[in-house]
Amino acid sequence: MSPPGARTKPSEDHDCHPADLQRLLDFRAEATSWISALGSDQWSRPYPAERLLTTIEAGSVFMLRDGDQTAATITLTPEAEEGLWSEEELSEPSTFINKLTVSRDYAGKNLGGGLLDWAGDRAHRAAAKWLRLDAWTSNARLQRYYLDQGFQHVRTVLEGNAVNGGPRVSGWLAQRPTRPAEPTFTDETPSPELLRA
């Protein structure tokens, strides 16, 4: 299910740190090229490097490594993007997924599903009720993937602006309850901090 020796580490363990910024931007560019070949405009606008650097420095970016190779990456935050979730929803403890990306060299090994289960377990241990995400509004294939992973569509938000400028393009909201899970790879991350009430 996962590459031999694969592991995740967060930035506080110095595995993903500011020096990895260009690697992550290149990783995103590879994903953008693949998505474009499938006919989607997802990620066609560059993501602001300074925003990505902020998430790295916050310890929110996790990388699945296979030796020196980055097999996949995921960002987990306790904060939602502004304008997507209601006040009532935001009152429920949640962990938000961003930028789940799997290298094309590791496609077909269910690394994405494994990382989603790992994220749900990590969120569960942090006392979150929900694992939530916002996906590209026009990417039906991606939406189907998340539905197949057990997420339920909540609604689609079209109003607002994207973090990298222009109109909102990632407003397909979905969630699934957090739950314990055994990782399909070696997890070297420290235990998550409990979410504040």
- Query: Under the side-chain contact (heavy atoms from CB on, under 4.5 Å) criterion, do R122 and L131 qualify, and how do the steps go?
  - Reply: CA-CA 10 Å; R122 187 171 180 83; L131 189 62; over 6 Å; no
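Between the CG atom of L64 and the NZ atom of K109 there is a distance of 11.5 Å, given to the nearest 0.5 Å. For the atom pair CG (L173) and CG (L84), the distance works out to 5.5 Å, reported to the nearest 0.5 Å. Interatomic distance, CD1 of I97 versus CZ of F151, reported as 4.0 Å (0.5 Å rounding). A distance of 12.5 Å separates CG in L133 from NZ in K99, rounded to the nearest 0.5 Å. Once rounded to the nearest 0.5 Å, the distance linking OH of Y106 with OG1 of T70 reads 8.5 Å. For the atom pair E81 CD and R132 CZ, the distance stands at 14.5 Å (nearest 0.5 Å).
Surrounding CD of E193 are at most 12 heavy atoms belonging to other residues, nucleotides or ligands under 6.0 Å away.
Panel note: side chain R176, backbone Y146; no donor-acceptor pair is recorded below 3.5 Å. No side-chain donor-acceptor contact under 3.5 Å links Q175 to the backbone of Q152.
In terms of heavy atoms, D117 sits closest to A181 at O-CB, 3.7 Å. In plain terms, the two heavy atoms of W136 and L142 that are nearest each other are N-CD2, 4.1 Å. The two residues L195 and A128 make their nearest non-hydrogen contact at CD1-CB, 3.5 Å. Closest of all the heavy-atom pairs between T178 and G120 is CB-O, 3.5 Å. Closest heavy-atom contact between S94 and E89: OG-O, 4.4 Å. Between G171 and T137, the shortest heavy-atom distance links the atoms N-OG1, 2.9 Å.
No path of Ile, Leu, Val, Met, Phe, Trp and Tyr side chains, each step under 4.5 Å between heavy atoms, connects I56 with F96, placing them in separate hydrophobic clusters. Side-chain heavy atoms closer than 4.5 Å link hydrophobic residues (I, L, V, M, F, W, Y) into clusters, and following such links, possibly through other members, connects W172 to Y145. L147 and V102 fall within the same hydrophobic cluster, defined by Ile, Leu, Val, Met, Phe, Trp and Tyr side-chain heavy atoms under 4.5 Å apart, directly or through other members.
For the side chain to side chain contact (heavy atoms under 4.5 Å, CB included) with F62, the qualifying choice from T73, L76, D187 is L76, the only one to do so.
Side chains of L115 and F185 form a contact here, defined as non-hydrogen atoms less than 4.5 Å apart.
Applying the side chain to side chain donor-acceptor pair (under 3.5 Å) criterion to N98, with sequence neighbours excluded, gives no partner residue.
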